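The next block holds one structure in the form of structure tokens; read it before the comments.
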Amino acid sequence: MERTYIMLKPDSVKRRLVGRIISRIEDKGLNITAMKMFKLDEKILKEHYSHIADQPFFPEIVKFMTSGPVIGMIVEGPSAVQQMRNIIGATRCLDADAGSIRGDFAFTNGENLIHGSDTVENAEIEIKRFFGKI
Ligand code: IDP
Ligand code: MG
């Protein structure tokens with residue numbers, strides 16, 4: 001079964017949207033098979049976000065992503081990676097379709113509530129990064 005790494009960002013927790021976001025994942029028919037709440041540090045963010053680490057907005061992302069706890073999850077199901085990307089919506093809030101998590105709840109490009117792996121290969125790398133061997 002395909003699996004993906006999902007992470008509810010600090011704004012999901014602060015805005016008390018965790019329950020509603022998890023409901024959307026469950027409503028879709030996907031299974032949450034692991035979940036934990038923890039805090040990120042700059043070192044792991046530089047790994048996880050290596051593709052944007054040289055962007056001018058990266059220091060703000062670090063500040064945001066370390067501003068409170070996140071909730072990491074493994075989500076499983078057929079085509080879990082793409083199903084979750086569809087539920088999450090586009091990165092930029094103005095591009096995210098209504099009905100997607102970001103389309104319905106996010107109003108900035110940085111604070112966009114939720115991370116989902118973009119490929120099956122990256123999902124396995126991210127699961128290993130945040131959950132170890134599981
Ligand atoms: P994704 O989360 O949709 O996969 P990525 O391109 O992987 O998008 O970027 C990772 C995260 O970096 C985004 O979710 C967002 O929080 C932040 N980010 C990306 N592009 C911008 C931008 O142009 N301005 C501010 N933050 C951004
Ligand atoms: Mg990404």
Side-chain angles (χ1 to χ4, degrees):
M1 192 60 75
E2 190 169 303
R3 53 189 200 159
T4 187
Y5 179 67
I6 298 301
M7 188 157 61
L8 307 190
K9 300 184 181 185
D11 51 342
S12 291
V13 177
K14 284 181 202 157
R15 292 175 59 194
R16 299 180 177 85
L17 290 169
V18 169
R20 290 162 79 183
I21 293 172
I22 288 175
S23 286
R24 288 176 177 225
I25 298 169
E26 293 183 328
D27 286 349
K28 188 68 186 173
L30 293 160
N31 291 318
I32 298 165
T33 57
M35 175 157 59
K36 64 175 176 181
M37 186 179 247
F38 61 104
K39 278 189 108 175
L40 298 168
D41 60 26
E42 188 166 350
K43 183 173 173 282
I44 204 158
L45 278 168
K46 276 190 174 153
E47 276 179 38
H48 178 66
Y49 280 150
S50 60
H51 60 295
I52 55 161
D54 57 354
Q55 294 292 313
F57 57 80
F58 189 68
E60 276 199 22
I61 294 295
V62 172
K63 200 170 157 198
F64 161 56
M65 291 294 289
T66 58
S67 68
V70 297
I71 296 172
M73 287 183 252
I74 302 173
V75 172
E76 293 190 8
S79 304
V81 169
Q82 193 56 49
Q83 291 282 12
M84 278 305 308
R85 294 287 293 190
N86 293 348
I87 293 173
I88 289 168
T91 309
R92 292 176 175 277
C93 58
L94 285 175
D95 297 335
D97 291 332
S100 68
I101 293 164
R102 288 171 175 168
D104 288 352
F105 298 123
F107 43 81
T108 70
N109 294 330
E111 305 202 6
N112 56 11
L113 298 161
I114 179 168
H115 164 82
S117 309
D118 57 359
T119 63
V120 174
E121 191 189 11
N122 282 338
E124 289 303 319
I125 291 169
E126 291 173 0
I127 286 169
K128 196 163 177 224
R129 174 175 300 132
F130 292 105
F131 279 96
K133 250 191 166 189
I134 192 164

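Keep in mind that what you see is a predicted model, and the values were worked out from it rather than measured. When a ligand or atom number is given, it counts from 1 through the structure's own listing order.
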Pair listing, side-chain hydrogen bond (donor to acceptor under 3.5 Å, both in side chains) test, anchored in residues 102-111, at least two apart: Arg24-Asp104
Select all protein residues for which some heavy-atom-to-ligand 1 distance is less than 4.0 Å, and list them by chain and number. Lys9, Tyr49, His51, Ile52, Phe57, Ile61, Arg85, Thr91, Arg92, Arg102, Asn109, Gly110, Asn112
Considering residues, nucleotides and ligands other than Leu94, do more than 12 of their heavy atoms fall under 6.0 Å from its CG? no
How many angstroms lie between CG in Asn122 and NE2 in His48, if you round to the nearest 0.5 Å? 9.5 Å
Check the angle between the aromatic planes of Phe131 and Tyr5 and answer parallel, tilted or perpendicular using the 30° and 60° thresholds. perpendicular
Transitive ILVMFWY side-chain link Ile125 to Val120, under 4.5 Å: no
Do Ile44 and Met37 belong together in a cluster built from hydrophobic side chains that touch within less than 4.5 Å? no
